[in-house]
Colleague: 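Structure provided below as structure tokens; questions to follow.
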Amino acid sequence: MPSETRRGVIERYRAFLPVTDATPVISLQEGSTPLIPCPALSREIGGGFEVFAKYEGLNPTGSFKDRGMTMAISKAAEDGARAVICASTGNTSAAAAAYAARAGMECIVLLPAGKIAKGKLAQAFMYGAKVVAIDGNFDDALRLVREIGRGGRVAIVNSINPHRIQGQKTAAFEIIEALGDAPDLHILPVGNAGNITAYWLGYREFHALGRSTRLPRMTGFQAAGSAPIFHGRVIDKPETIATAIRIGNPASWDEARAALDESCGAIDIVTDAEILAAQRWLAEKEGIFVEPASAASIAGLLKCAGKDRCAGCPLPELRPGAKIVCTVTGHGLKDPDIVDHHDFRALTARPDRDEILGLLGLDGS
Ligand code: F0G
């Protein structure tokens with residue numbers, strides 16, 4: 001990758017971000033992630049569409065959260081903060097812990113006990129965060145963080161911190177630069193709804209500057225058991241295997257609703273079974289391994305292309321040749337325990353060449 005782009009989102013997009021010469025840039029060279037063409041997925045959905053995956057799992061802590069966190073921690077450092085706090089389903093805490101470590105700040109993370117993927121928990125501990133596991137879900141944790149943050153002793157780095165959204169909008173900039181224009185349709189998983197808000201902001205900003213000729217239709221997918229925006233009501237006990245988006249009362253609900261409405265997009269749900277199937281499909285057919293929440297965008301696209309599409313689904317209205325971008329938000333290695341939900345089984349053999357060839361059906365060849 002040219003050094004021109006691999007320098008972190010604040011340096012790459014300084015002119016579009018609320019930073020000054022007085023802002024200490026805390027960066028791990030996040031962003032500039034690949035926009036990978038997906039020929040198998042394009043064939044699978046048909047219609048002559050061109051599908052791309054924005055592979056955010058290749059950020060320094062393995063998720064898109066690094067884009068917002070470089071901004072949030074840099075601004076906290078500018079303000080002289082010594083400690084930061086966040087609620088998280090795992091990825092925000094990993095990013096907060098890493099960037100706080102780099103800034104020499106203390107990091108406190110509030111997590112729903114027993115509902116954080118193993119890789120993410122390992123990250124929070126390794127980066128030196130103080131981990132508080134609560135007997136409650138993400139929504140409870142975020143409420144507590146708001147209360148604790150009100151005291152002003154620790155800076156909140158959840159996406160209710162506007163600097164997070166500012167940093168995350170840079171993914172939309174990168175997509176426009178990579179494609180030479182905005183895509184026709186953008187699909188992404190929705191949890192706390194900060195990312196769909198950020199993309200829509202980024203797309204609108206570049207469009208207003210004449211850097212793109214169109215605005216994409218934003219389409220979000222929630223897990224069926226955690227779908228407050230889809231149902232239009234708070235879900236008290238959200239459930240899904242995609243723990244990253246196990247959220248019943250998203251903080252950026254109104255902003256997400258505005259993005260969906262203004263862009264003539266849609267919001268729909270995918271089941272855990274569809275998420276798992278899409279996760280495996282993407283890995284096997286495109287060589288891209290993502291965590292379950294990220295696979296919700298792929299599951300959603302496959303659903304749109306089937307007969308079970310949602311009301312207001314934008315896909316049938318797209319012209320052949322239309323470009324579709326799916327954000328795959330986090331790396332598959334974040335959640336290694338997910339393999340238990342797939343029916344994988346290793347073949348077993350003695351360390352014997354002939355036995356192995358026989359087992360593989362390669363004997364006699
Ligand atoms: N995908 C992954 C992998 C996530 O970690 C999240 C959110 C989302 C999608 C949804 O993005 O919240 O902006 O709508 N994770 C947060 C966290 C809640 O704490 O790591 P969103």
Colleague: Do Leu121 and Leu111 come close enough that some side-chain heavy atom pair is under 4.5 Å?
Modeller: yes
Colleague: Without swapping roles, check the side chain of Glu255 against the backbone of Ala193 for a donor-acceptor pair under 3.5 Å.
Modeller: no
Colleague: Would you check if the side chain of Lys303 reaches a backbone N or O of Glu274 as a donor-acceptor pair within less than 3.5 Å?
Modeller: no
Colleague: For the pair Arg211 and Glu205, find out whether any cationic side-chain nitrogen is under 4.0 Å from an anionic carboxylate oxygen.
Modeller: no
Colleague: Roughly how far, to the nearest 0.5 Å, is OG of Ser93 from CD of Gln123?
Modeller: 8.0 Å
Colleague: Any donor and acceptor pair, going by atom type alone, linking the side chain of Arg67 with main-chain N or O of Gly31 inside 3.5 Å?
Modeller: no
Colleague: Counting distance only, does the side-chain N/O of Gln166 pair as donor-acceptor with the main-chain N or O of Gly68 below 3.5 Å?
Modeller: no
Colleague: Between Asp335 and Ala117 (side chain of the first, backbone of the second, donor and acceptor by atom type, cut-off under 3.5 Å), is there such a pair?
Modeller: no
Colleague: When you compare the side chains of Thr23 and Glu78, does any donor N or O come within less than 3.5 Å of an acceptor on the partner?
Modeller: yes
Colleague: Is Phe52 reachable from Tyr55 through a run of hydrophobic residues whose side-chain heavy atoms are each under 4.5 Å from the next?
Modeller: no
Colleague: Using side-chain hydrogen bond (donor to acceptor under 3.5 Å, both in side chains), reason through Ser42 and Glu50 one step at a time and then give a plain yes or no.
Modeller: CA-CA 6 Å; Ser42 305; Glu50 234 184 306; over 6 Å; no
Colleague: Report, as yes or no, whether the 6.0 Å neighbourhood of atom CZ on Arg143 holds more than 12 heavy atoms from other residues, nucleotides or ligands.
Modeller: yes
Colleague: Would Thr170 and Arg12 count as having a side-chain donor-acceptor pair, cut-off 3.5 Å?
Modeller: no
Colleague: Under a 4.0 Å N-O cut-off, is there an ion pair linking Asp184 with Arg214?
Modeller: yes
Colleague: Hey, are the side chains of Ser263 and Tyr203 touching, using non-hydrogen atoms and a 4.5 Å cut-off?
Modeller: no
Colleague: Kindly say whether Ala40 contributes a backbone atom to a donor-acceptor pair with the side chain of Glu286 at under 3.5 angstrom?
Modeller: yes
Colleague: Could you check if a side-chain atom of Arg246 sits within less than 4.5 angstrom of a side-chain atom of Lys237, using non-hydrogen atoms only?
Modeller: no
Colleague: Test of understanding: clusters of I, L, V, M, F, W, Y form through side-chain heavy atoms closer than 4.5 Å, transitively. Do Val290 and Ile298 belong to the same one?
Modeller: yes
Colleague: Judged by atom type as modelled, is there a donor-acceptor pair below 3.5 Å linking the side chain of Lys334 to the main-chain atoms of Thr61?
Modeller: yes
Colleague: Do Glu147 and Arg150 sit within salt-bridge range, that is, some charged N less than 4.0 Å from a carboxylate O?
Modeller: no
Colleague: With no hydrogens and no angle check, is any side-chain donor or acceptor of Thr89 less than 3.5 Å from a backbone partner on Ile245?
Modeller: no
Colleague: Could you tell me the separation between the CD1 atom of Ile275 and the CZ atom of Phe221, rounded to the nearest 0.5 Å?
Modeller: 10.5 Å
Colleague: Measure the acute angle between the ring planes of His186 and Tyr199, then classify it against the limits of 30° and 60° as parallel, tilted or perpendicular.
Modeller: tilted
Colleague: Any donor-acceptor pair under 3.5 Å linking the side chain of Asp261 with the backbone of Ala258?
Modeller: no
Colleague: When you group the ILVMFWY residues by side-chain heavy-atom contacts below 4.5 Å and let the links chain together, are Phe138 and Leu144 in the same group?
Modeller: yes
Colleague: For the CG atom of Asn192 and the CD1 atom of Ile160, what is their distance to the nearest 0.5 Å?
Modeller: 8.5 Å
Colleague: Distance-only, no hydrogens or angles: does the Asp272 side chain make a donor-acceptor pair with backbone N or O of Thr240 under 3.5 Å?
Modeller: no
